[in-house]
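The structure appears right after this line, and notes come after that.
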Amino acid sequence: MAGPTPIALIDCNNFYVSCERVFNPRLEGVPVLVLSNNDGCAIARSNEVKALGIKMGDPAFKLRPLIEKHGIRVFSSNYVLYGDMSRRVQEALGQFSPETECYSIDETFLDFGGFPHVDLWAYGQEMRGTVQKWTGIPTCVGIGPTKTLAKLANAVAKKNPTFGGVCDVMEEPVRAAVLRAFEVSDIWGIGRATTAKLAGIGTTTAAQLRDLSPKRARSMGTVVLERTIMELRGLPCLALEDVAPQRKGMACTRSFGRVVTSKAEMLEAVASHASRAGEKLRQHGLVAGKLTAFFHTSPHRDDPQHHASRVTRLFPMSSDTPTLITAASRCVEAAWRQGFRYVKAGVLLDDLCRAEDAPRTLFDAPTEREAKCMATMDQLNVRFGRGTVALAATGIEKGWKLRAEHHSPCYTTRLAEVPVVRA
DNA sequence: TCTGGGGTCCTAGGACCC
DNA sequence: TCTGGGGTCCTAGGACCC
């Protein structure tokens with residue numbers, strides 16, 4: 001009888017830090033930190049930085065003393081570089097299974113069911129070696145009968161060097177031992193709220209959660225928790241999704257580089273986000289049926305608080321920038337309240353569908369001219385750089401734009417920034 | 001002075017209908 | 001002296017993920 005299908009999860013170690021190191025070997029062995037947009041908080045840490053006690057999401061301004069004391073090398077996030085490196089990793093992984101699911105920028109699930117006589121631990125090692133050789137990125141691999149167990153095994157491989165970077169929990173005795181030593185809060189899908197609830201009934205390890213009755217779980221939480229229990233028992237509830245499902249929504253949001261208090265600036269910022277959202281829609285060949293514009297004050301300040309948000313239907317559905325800007329501006333006008341110190345704004349698009357599937361009505365205005373205009377604008381911006389052609393509504397000065405003071409070069413995607421080796 | 005951005009899924013509750 | 005029952009659709013908000 002065939003056993004359950006092994007699923008592997010390969011995860012890049014400290015991915016953004018590793019990307020920076022590939023192109024700057026001097027960063028090897030020293031503490032490296034990558035900051036979020038706006039240089040706001042920590043989002044990727046080298047092992048040296050983790051050892052200093054710096055946590056994911058720690059605000060950068062609080063880290064200043066530690067950064068100086070330990071000579072931490074700090075980078076703004078460079079998503080162009082990380083996205084391109086991720087693509088290269090995916091390419092290498094294609095060698096190892098016909099069925100892969102790119103789960104996030106640094107994680108991929110692979111169906112390892114096709115090789116019944118292969119030593120999976122050794123195969124995992126071969127995969128790590130290939131990714132390292134092709135891209136320079138170090139990885140760890142977890143293997144198990146379900147996605148949740150593969151994730152768990154991966155975390156074990158990362159934390160515990162005795163596994164040599166690959167942890168396989170297909171065998172029941174190994175799995176049982178690993179689950180006993182694994183904290184419930186580290187399980188995929190168990191967040192802060194659920195951890196607290198489970199602690200209330202004395203459930204703190206993965207083994208205890210596995211043995212909890214699904215009925216009890218359902219009454220405490222949702223169907224998600226029930227599924228997690230089944231997955232911990234080795235019964236797959238989550239399929240490998242090798243074709244990406246149609247995305248449902250899209251967001252363009254940013255914190256400001258400084259506080260915004262005037263409606264004119266807010267209109268500019270929201271128009272910019274709407275404009276970017278349009279580009280993204282067209283890039284994916286999509287149109288949107290619903291647009292939300294929002295802006296709000298800082299929850300971290302003592303200021304009076306205000307969260308504003310307005311939704312509007314887009315009918316006919318659209319990806320046309322002037323249409324999106326008009327809709328977003330109406331939302332801002334309707335929601336605007338003077339006298340607050342706003343720190344963030346954004347545009348959300350929902351009810352997405354492929355442009356060719358969009359419903360039409362008898363009374364749709366002809367859109368061919370608009371589409372051509374947008375296509376031309378997109379081409380110019382690709383060729384000569386983002387922002388070469390833009391709608392005036394998005395502003396000229398953009399005093400509200402974010403900071404990024406420690407940006408590394410786009411080594412792999414911008415000709416002027418390709419690394420140069422001198423003889 | 002200074003705390004990211006972009007997603008998904010689930011549930012409860014209201015509106016509405018027959 | 002008394003106010004149905006069941007269904008769908010939509011939305012807001014919570015929780016979680018990377």
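Please read these numbers as outputs of a predicted model, since none were measured by experiment. Just the heavy atoms: all of them, side chains too, but no hydrogens, waters or symmetry mates, feed the values below. Within every chain, numbering begins at 1; the chains are lettered A, B, ... in the order of the sequence lines, protein sequences first and strands thereafter.
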Which nucleotide in the set [options] lies at the smallest distance from any side-chain heavy atom of [X]?
X	options	answer
A:Tyr103	B:dT11, C:dC17, B:dC2	C:dC17
A:Pro59	B:dT11, B:dT3, B:dC2	B:dT3
A:Ala193	C:dC16, B:dG6, C:dC18	C:dC16
A:Val223	B:dC10, B:dT3, C:dC17	B:dC10

Send over the distance from [X] [atom1] to [N] [atom2], rounded to a whole Å.
X	N	atom1	atom2	value
A:Glu101	C:dC17	CD	P	16 Å
A:Asp39	B:dT3	CG	C1'	12 Å
A:Tyr79	B:dG6	OH	P	9 Å
A:Met220	B:dC10	CE	C1'	16 Å
A:Asp351	C:dC10	CG	C1'	11 Å
A:Gln246	B:dT8	CD	P	10 Å
A:Glu107	C:dC17	CD	C1'	9 Å
A:Gln283	B:dG6	CD	C1'	15 Å

Does any donor atom in the side chain of [X] or [Y] lie under 3.5 Å from an acceptor atom in the other side chain?
X	Y	answer
A:Glu231	A:Thr228	no
A:Ser318	A:Asp320	no
A:Ser97	A:Asp111	no
A:Glu20	A:Tyr82	yes

Report yes if at least one side-chain N or O of [X] is closer than 4.0 Å to OP1 or OP2 of [N]; otherwise report no.
X	N	answer
A:Lys344	B:dG5	yes
A:Lys151	C:dC18	yes
A:Thr194	C:dC16	yes
A:Lys248	B:dC9	yes

Centres of the A:Tyr342 and A:Phe256 rings: under 6.0 Å? no

Look at all strands and tell whether [X] reaches a base, only sugar-phosphate, or nothing, counting heavy atoms closer than 4.0 Å.
X	result
A:Ile105	nothing
A:Ile187	sugar-phosphate
A:Asp58	nothing
A:Arg276	nothing

Within residues 224-239 of chain A: residues closer than 4.0 Å to DNA chain B (heavy atoms): A:Val224, A:Arg227

Specify the residues of residues 249-258 of chain A, ordered by number, for which at least one heavy atom lies under 4.0 angstrom from an atom of DNA chain B. A:Gly249, A:Met250, A:Ala251, A:Cys252, A:Thr253, A:Arg254, A:Ser255

Stepwise side chain to side chain donor-acceptor pair (under 3.5 Å) check, A:Asp39 with A:Ser76: CA-CA 6 Å; A:Asp39 293 345; A:Ser76 306; 2.8 Å; yes

Salt-bridge test for A:Asp351 and A:Lys290: reply yes if a basic N is under 4.0 Å from a carboxylate O, no otherwise. no

Evaluate the side-chain proximity of [Y] to [X]: yes if any heavy-atom separation is below 4.5 Å, no if none is.
X	Y	value
A:Leu212	A:Gln208	no
A:Leu314	A:Leu324	yes
A:Thr297	A:Lys344	no
A:Leu179	A:Val169	no

Assuming nearest nucleotide by heavy-atom distance, tell me which of A:Glu241 and A:His300 is located more 5' along DNA chain B. A:His300

By nearest-heavy-atom nucleotide on DNA chain B, the more 5' of A:Asn37 and A:Arg341 is A:Arg341

For A:Arg233 and A:Pro214 the tightest heavy-atom approach is NH2-CD, 3.8 Å

Expressed as a whole number of Å, how far does the P atom of B:dT3 sit from that of C:dC18? 24 Å

Between A:Phe15 and A:Met85, is the side-chain contact (heavy atoms from CB on, under 4.5 Å) condition met? List the steps. CA-CA 9 Å; A:Phe15 182 55; A:Met85 291 305 288; 4.1 Å; yes

A correct dot-bracket answer for DNA chain B, with pairs being Watson-Crick or G-U at under 3.5 Å, [ ] for crossing pairs and | for inter-strand pairs, is ....||||||||||||||

